[in-house]
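Just below is one structure, and these are the notes that go with it.
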Amino acid sequence: MGRAISADSHAVESPEVFTGLAERFGDEAPRVISAPGKGDAIVIPARNNSTVNVAQMCLASLRLDLEVPVDRRHAHKPDAGTLSDATVRALFAGGYGIMRDGITKGACRGGDQDIDGIDAEFLYPGYFPMFNLRNVELQVALQRNYNDWLHDHCAESNGRLFGLAVLPVQDPDAAMAELDRILTMGFRGACIPSTAPANYPYYDPVFDPLWAKAAEAEVPLSMHVGCFSYIPRGERDSRQRDPIAQYAGAAAMIQDTLIEFICRGVCERHPTLQLVVAEYNAGWIAHWLDRVDQGWQREVGRKSAGPKYLPVHEIWQRQFKMLD
């Protein structure tokens with residue numbers, strides 16, 4: 001029997017992903033800054049609250065450092081840890097210098113995979129803000145840098161790491177050009193934000209060439225929790241809610257996006273396009289699809305304009321995959 005394949009692992013971006021951006025784009029550009037006792041962090045000077053300590057992207061590796069076995073409980077997510085733990089604090093202070101080689105070097109990842117009984121991993125980004133930079137030209141440059149680095153990182157793994165490229169959908173033409181480029185590089189999948197750009201919903205015809213090309217190339221497009229192009233006003237307002245209620249309701253954002261694909265013509269026009277919904281959990285989907293189906297029929301019953309009704313469950317089965 002073969003071992004497991006992780007369909008939702010994450011990269012820890014190397015400092016080289018941000019090389020040259022500060023020189024071109026100034027304080028709007030993310031860059032890695034080291035501070036004694038505080039480790040390494042990715043910061044955007046123009047956005048004072050945008051700081052990500054790189055340790056946040058590799059906390060799962062502590063289980064290997066501490067030789068703690070995987071807690072495999074059926075139908076449960078792993079228990080949450082605490083940032084007050086001394087080992088966690090040390091990781092935050094140590095930065096890249098104390099990370100496992102299996103995190104920073106693609107050639108070394110196989111050793112860690114062997115410990116966990118994993119044959120291969122598909123890598124999503126670790127630095128989620130790369131999806132929502134305000135400067136679109138910077139967005140395109142950063143994502144090209146990331147795709148180049150990810151390609152090389154995975155190439156060193158002897159076939160055990162498969163990266164998911166990212167597409168700068170804030171500029172549909174640039175996204176199309178980047179899709180063409182990453183196909184020549186051998187990528188097997190790509191990521192788009194879990195919310196469409198504010199000025200272009202995903203059902204806008206401007207995206208049709210992108211959906212058509214991805215479908216033709218049989219490249220699934222993934223939407224991962226937390227990887228949004230912008231936060232819709234309703235979601236920003238909801239952040240005044242109790243934080244536990246906000247966390248528990250995280251699927252609401254991807255639900256709006258799924259409506260754009262399912263009910264507003266994208267799946268009808270591109271019936272072979274494959275879409276992946278990652279880490280939004282899955283327990284809600286059956287009931288939600290029933291509600292969408294009913295709501296769509298009610299809408300069509302009131303007005304004839306718009307995409308024709310298609311059975312929602314059939315669309316889902318044909319074109320969507322969900323990673324819990």
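When a residue number appears, it is its place in the shown sequence, counting from 1.
- Not one N or O on the side chain of N53 forms a donor-acceptor pair closer than 3.5 Å with the backbone of A41.
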Would Y309 and D293 count as a side-chain contact (heavy atoms from CB on, under 4.5 Å) if you check the C-alpha gap in whole Å, the side-chain angles of each, and the deciding distance to 0.1 Å?
-> CA-CA 9 Å; Y309 163 78; D293 195 84; 2.8 Å; yes

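- Of the possible donor and acceptor atoms, one in the side chain of N145 sits under 3.5 Å from a partner among the backbone N and O of V17.
- Note: F128 and H224 meet the aromatic proximity criterion, with ring centroids under 6.0 Å apart.
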Tell me, with the steps shown, if L91 and V88 meet side-chain contact (heavy atoms from CB on, under 4.5 Å).
-> CA-CA 5 Å; L91 183 62; V88 173; 5.7 Å; no

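- Every side chain to side chain donor-acceptor pair (under 3.5 Å) that R47 has, sequence neighbours left out, goes to N132.
- The minimum heavy-atom distance linking L150 with G163 is given by the pair CD2-CA, 3.6 Å.
- In the hydrophobic clustering of ILVMFWY residues, with side-chain heavy atoms under 4.5 Å counting as a link, L221 and M322 come out together.
- In this structure, W149 and Y146 have tilted ring planes: the angle between them lies in the 30° to 60° band.
- Residues satisfying the salt bridge (Lys or Arg N to Asp or Glu O under 4.0 Å) criterion with K38, sequence neighbours excluded, are absent altogether.
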Criterion side-chain contact (heavy atoms from CB on, under 4.5 Å) on K321 and V277, from CA distance to verdict | CA-CA 6 Å; K321 298 292 186 294; V277 180; over 6 Å; no

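- Residues V52 and V54 are members of one and the same hydrophobic cluster, defined by side-chain heavy-atom contacts under 4.5 angstrom among Ile, Leu, Val, Met, Phe, Trp and Tyr.
- The two residues M99 and A55 have their closest heavy-atom pair at CE-N, 4.4 Å.
- Crowding of Q297 atom CD: a count of heavy atoms from other residues, nucleotides or ligands under 6.0 Å exceeding 12.
- With rounding to the nearest 0.5 Å, the separation of CG in L179 from NZ in K213 is 7.0 Å.
- With hydrogens and angles ignored, the 3.5 Å screen pairs no side-chain donor or acceptor of R160 with any backbone N or O of A120.
- For the residue pair Q246/D242, the side-chain donor-acceptor check at 3.5 Å is not satisfied.
- Residues E13 and P125 have side chains in contact (heavy-atom distance under 4.5 Å, counting atoms from C-beta outward).
- Taking the six-membered ring wherever Trp is involved, the centroid distance between the rings of F261 and Y202 falls below 6.0 Å.
- Between I192 and F131 the shortest heavy-atom distance is C-CE2, 4.2 Å.
- Connection of M130 to M57 is established within a shared hydrophobic cluster, with ILVMFWY side chains joined at heavy-atom distances below 4.5 Å, either directly or through further cluster members.
- For the pair V276 and P220, the tightest heavy-atom approach, listed with the atom from each and the gap, is CG2-CB, 4.1 Å.
- L273 contributes atom CG, which lies 4.0 Å from atom CG of L275 (distance to the nearest 0.5 angstrom).
- Other residues, nucleotides and ligands contribute at most 12 non-hydrogen atoms within 6.0 Å of the CG atom of N158.
- For the atom pair CG of D256 and CE of M253, the computed distance is 8.5 Å after rounding to the nearest 0.5 Å.
- Of the possible donor and acceptor atoms, one in the side chain of N147 sits under 3.5 Å from a partner among the backbone N and O of Q143.
- The pair R264-E299 meets the salt-bridge criterion, since a charged nitrogen lies less than 4.0 angstrom from a carboxylate oxygen.
- Annotation: the span from R298 atom CZ to R291 atom CZ amounts to 8.0 Å, rounded to 0.5 Å.
- A salt bridge links R181 with D148: the closest approach of a Lys/Arg side-chain nitrogen to an acidic carboxylate oxygen falls below 4.0 angstrom.
- Applying the ring-ring contact (aromatic ring centres under 6.0 Å, His included) rule to pairs touching residues 91-119 yields nothing, sequence neighbours excluded.
- Here the side chains of Q255 and W284 are in contact, with some heavy-atom distance below 4.5 Å.
- For R24 and E137, the salt-bridge test passes: some basic side-chain N is under 4.0 Å from an acidic carboxylate O.
- Judged purely by atom type and a 3.5 angstrom limit, E28 has no side-chain atom pairing as donor or acceptor with the backbone of R134.
- With contacts defined as side-chain heavy-atom distances shorter than 4.5 Å, the pair V266/F207 does not qualify.
- No donor-acceptor pair closer than 3.5 Å links the side chain of S229 to the backbone N or O of P193.
- The closest donor-acceptor contact from the side chain of R31 to the backbone of A29 lies under 3.5 Å.
- A donor-acceptor pair under 3.5 Å links the side-chain atoms of D204 to the main chain of V206, judged by distance alone.
- Here S222 contributes atom OG and D8 contributes atom CG; the two are 8.5 Å apart, rounded to the nearest 0.5 Å.
- S50 places no side-chain N or O within 3.5 Å of a backbone atom of V43 that could act as its donor or acceptor partner.
- Closest of all the heavy-atom pairs between P168 and V140 is CB-CG2, 3.9 Å.
- No side-chain heavy atom of T257 sits under 4.5 Å from any side-chain heavy atom of F228.
- Between L123 and H153 there is a side-chain heavy-atom pair separated by less than 4.5 Å.
- S9 contributes no side-chain N or O that, together with a main-chain N or O of S6, makes up a donor-acceptor pair within less than 3.5 Å.
- Note on V166: it clusters hydrophobically with M176, by side-chain heavy-atom contacts below 4.5 Å among ILVMFWY residues.
- Residues L183 and L164 are members of separate hydrophobic clusters, defined by side-chain heavy-atom contacts under 4.5 angstrom among Ile, Leu, Val, Met, Phe, Trp and Tyr.
- Atom OH of Y203 has 12 or fewer heavy atoms from other residues, nucleotides or ligands within 6.0 Å.
- Considering every non-hydrogen atom in both G97 and D40, the closest pair reads N-OD2, 4.4 Å.
- H270 NE2 to Q274 CD: the interatomic distance, rounded to the nearest 0.5 Å, is 13.5 Å.
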Working for side-chain contact (heavy atoms from CB on, under 4.5 Å), residues L133 and I44 | CA-CA 10 Å; L133 299 175; I44 301 176; 3.7 Å; yes

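- A tilted orientation is assigned to the rings of H10 and Y124, their planes being inclined by 30° to 60°.
- Under 3.5 Å, the side chains of Q113 and E121 contain a donor-acceptor pair of N or O atoms.
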